[in-house]
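Report on the structure given below.
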Amino acid sequence: MSTDVVRARFAPSPTGYLHVGGARTALFNWLFCRKHGGRFIVRIEDTDILRNIEGAERKLLDDLTWLGIEPDEGPDQGGPFGPYRQSERRDLYDAAVAKLLDEGKAYYAWDTPEELDTLRKQAQAEKRTFRYPRPSVLPTKSEADRARAEGRSVVVRFRVPDEPITVQDEILGDVTFGAGEMEDLVILKSNGWPTYHFAVVVDDHHMRITHVLRAQEHLMNTPKHVFMQRALGYEPPKFAHLPLVFNIDGTKMSKRDKHKVVRKAARDLLKAKTWTPDDVARIAQATVKATEAWLDKADTELDMEQVTRLAVAANVVIPEIDVHDFKLSGYLPEALTNFVALIGWSPGGDREMLTRQEMVESFTLDRINKTAGRFDREKLLAVNTVYCSEAKPERLLAAFRDWAAATGSAMQSLDDATLTRVLELCKGMRTLADVEYKAGVLFAADESVVYDADAVTKILLKKDGQGYGVLEKLLTALSAVSEWSEQVINTAIKMLAESAGVSMGDVAQPLRVAIAGRAVSPAIAESLALLGRDKTLARIKRCLAQRTQHV
RNA sequence: GCCCCCAUCGUCUAGAGGCCCAGGACACCGGCUUUUCAAGCCGAGAACCGGGGUUCGAAUCCCCGUGGGGGCACCA
């Protein structure tokens with residue numbers, strides 16, 4: 001490129017939420033641009049009209065924003081080389097196709113899918129690698145028109161030069177492909193839309209893309225792209241193929257994993273005769289026919305809501321795959337990006353926790369690995385824990401509000417002061433969701449407290465119901481507390497434990513079960529302070545009243 | 001089947017010929033702390049895929065093998 005301004009892009013298809021793998025690709029492109037004072041472009045690759053999903057583009061863009069990966073040019077912000085949706089750039093592709101056709105570098109073809117399929121099978125039977133057989137004499141335009149008039153579907157294929165090619169990759173080094181290893185690929189589909197390969201080449205040129213950082217699964221596409229760039233007289237950009245990201249078990253991370261986990265659980269329950277096929281359908285709120293097809297691996301038969309219902313009933317956790325999933329699970333965007341940056345890249349030394357600015361400063365292509373990495377959720381959790389504990393109160397508050405709004409948590413209604421206090425009380429949290437898990441009951445209605453059977457047995461009933469005895473004493477003691485503050489409450493509880501000759505745990509635990517229904521809550525005195533005297537006493541009474549049921 | 005890429009603890013990685021009988025982080029195990037759950041603190045174990053070279057010297061360079069992965073659409 002004649003200009004020395006770095007321009008890199010992230011080019012997702014609007015087929016769903018942003019995948020974490022895609023997020024990493026986007027992040028690396030963004031970091032690279034920031035590092036070099038370049039421009040980060042987002043382009044929507046929506047040439048496959050059938051696969052486009054309504055609303056997906058918005059979600060994709062919103063997820064990027066949430067991650068702090070803001071485009072300099074894109075559908076939202078526009079820019080000098082727009083439009084930034086391929087569906088709006090048809091004329092560019094048409095012109096480029098016409099040029100290639102004119103110069104004999106591309107040609108018409110009208111084989112039916114069935115014909116191609118037959119040829120492929122034939123090749124397979126003969127243990128031969130199938131490559132589209134280029135006709136020795138290329139069809140003319142009028143022949144193509146005639147075929148079209150006869151109802152044939154006409155495509156345009158690129159005539160791949162019969163010569164070896166070496167692709168220079170900034171990460172992998174030189175990669176050479178032998179002559180005749182690529183077939184004449186379709187560049188214009190019969191519906192008039194360009195294929196991915198062609199649109200990418202044309203757009204990267206017109207958008208002045210200087211660097212293509214993409215996943216390694218695209219490596220084999222690169223020679224095709226370079227051939228096309230040469231044929232069109234474009235200067236190829238620099239390429240850098242990023243190592244892939246897999247699940248911890250080495251399988252590909254895909255949206256299907258969500259179905260897979262739930263399907264396995266459902267099958268196990270069916271096998272154990274815990275569920276019947278009718279149960280599955282009832283729980284999912286779908287037809288038996290649909291659930292059976294789904295159980296037989298037809299992902300599309302059930303939507304995510306139905307699958308989620310099954311997951312809840314089967315008590316399995318659906319793995320997070322999309323950025324949005326991680327958001328709902330309570331991860332901080334800065335933790336997610338930090339973690340994901342570390343798969344296939346490292347800043348060197350023993351550094352791991354980096355601010356975005358530090359990442360930008362230390363980001364170089366030569367520090368990107370060639371080896372595929374695995375997505376270790378445990379490590380992500382650890383990174384998130386560190387981010388939560390190091391976040392400033394304001395940041396944590398904002399992140400929690402963001403999370404609460406996204407999940408529809410009831411804690412949304414709390415005021416800033418209270419929430420800040422709760423967040424402080426919950427320090428040590430691994431995710432934002434932990435906050436609700438731990439402190440949510442304190443803000444719920446008294447009647448909604450459900451007593452965990454295990455906690456009741458272990459804490460209230462043991463030693464002949466010692467726990468209940470403590471609660472009765474607590475009722476009196478707490479009623480008499482002069483001032484309802486954490487300090488005074490704490491003193492009252494301690495004194496009670498001392499005079500009764502029991503440990504702090506013997507008092508705090510029953511009290512915790514009384515107010516929270518289980519053995520988990522923030523520090524007891526703080527919890528009571530937050531709950532308020534009336535509700536505390538009411539909950540203790542309610543717990544005592546249910547004693548008979550417990551026994 | 002054909003083409004291509006890759007190879008350090010269970011996982012992510014540091015390591016660009018001697019600084020490495022290999023360092024960090026997560027996980028795991030043991031312990032401490034503790035009114036719960038988390039968090040925190042201390043400690044232990046844990047790897048250069050195999051075989052040949054090159055070199056005074058190789059985790060680092062070369063070759064072969066093995067293993068893992070990716071790609072072979074009118075999907076992107």
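In the text below, chain A, chain B and the rest are named by the order of the sequence lines, each starting its count at 1.
- The side chain of A/Thr47 places an N or O atom within less than 4.0 Å of a non-bridging phosphate oxygen (OP1 or OP2) of B/rA76.
- Nucleotides B/rC21 and B/rA59 are separated by 9 Å at their P atoms, to the nearest Å.
- Partner assigned to B/rG57 is none, using Watson-Crick or G-U wobble distances below 3.5 angstrom.
- Contact annotation: A/Arg518 does not reach the phosphate of B/rU36 (side-chain N/O to OP1 or OP2, under 4.0 Å).
- Ion pairing of A/Asp184 with A/Arg131 is absent here, as no side-chain N (NZ or NE/NH1/NH2) approaches a carboxylate O to less than 4.0 Å.
- Look at CG on A/Asp204: it is 13 Å from C1' on B/rA76, rounded to the nearest Å.
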Enumerate the protein-to-nucleotides 67-73 of chain B contacts in which both atoms are nitrogen or oxygen and the separation is below 3.5 Å.
none

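- Aromatic ring orientation, A/Phe239 versus A/His241: parallel (interplanar angle below 30°, classes split at 30° and 60°).
- The pairing partner recorded for B/rC72 is B/rG1, the criterion being a Watson-Crick or G-U wobble arrangement whose two distances lie under 3.5 angstrom.
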Every protein N/O within reach of nucleotides 14-18 of chain B N/O, cut-off under 3.5 Å:
unit_1: B/rG15; atom_1: OP1; unit_2: A/Arg367; atom_2: NH1; d: 3.2
unit_1: B/rG15; atom_1: OP1; unit_2: A/Arg367; atom_2: NH2; d: 3.2

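- Between A/Leu18 and A/Lys59 the shortest side-chain heavy-atom distance does not fall below 4.5 Å.
- Between A/Glu115 and A/Arg152 a salt bridge is recorded (basic side-chain N to carboxylate O distance below 4.0 Å).
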Do any side-chain atoms of residues 344-353 of chain A form donor-acceptor pairs under 3.5 angstrom with protein atoms, and if so which ones, sequence neighbours left out?
unit_1: A/Ser346; atom_1: OG; unit_2: A/Gly348; atom_2: N; d: 3.0
unit_1: A/Glu352; atom_1: OE1; unit_2: A/Lys379; atom_2: NZ; d: 3.2
unit_1: A/Glu352; atom_1: OE2; unit_2: A/Lys379; atom_2: NZ; d: 2.9

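- When both distances must be under 3.5 Å, the Watson-Crick or G-U wobble mate of B/rC41 is B/rG31.
- Applying the 4.0 Å criterion to OP1 and OP2 of B/rC6, one finds that A/Lys370 has a side-chain N or O inside that range.
- The base-pairing partner of B/rG50, taking Watson-Crick or G-U wobble contacts with both distances under 3.5 Å, is B/rC64.
- The phosphate of B/rA76 has OP1 or OP2 within less than 4.0 Å of a side-chain N or O from A/Lys189.
- The distance from the CE atom of A/Met182 to the CG atom of A/Asn221 is 10.5 Å, given to the nearest 0.5 Å.
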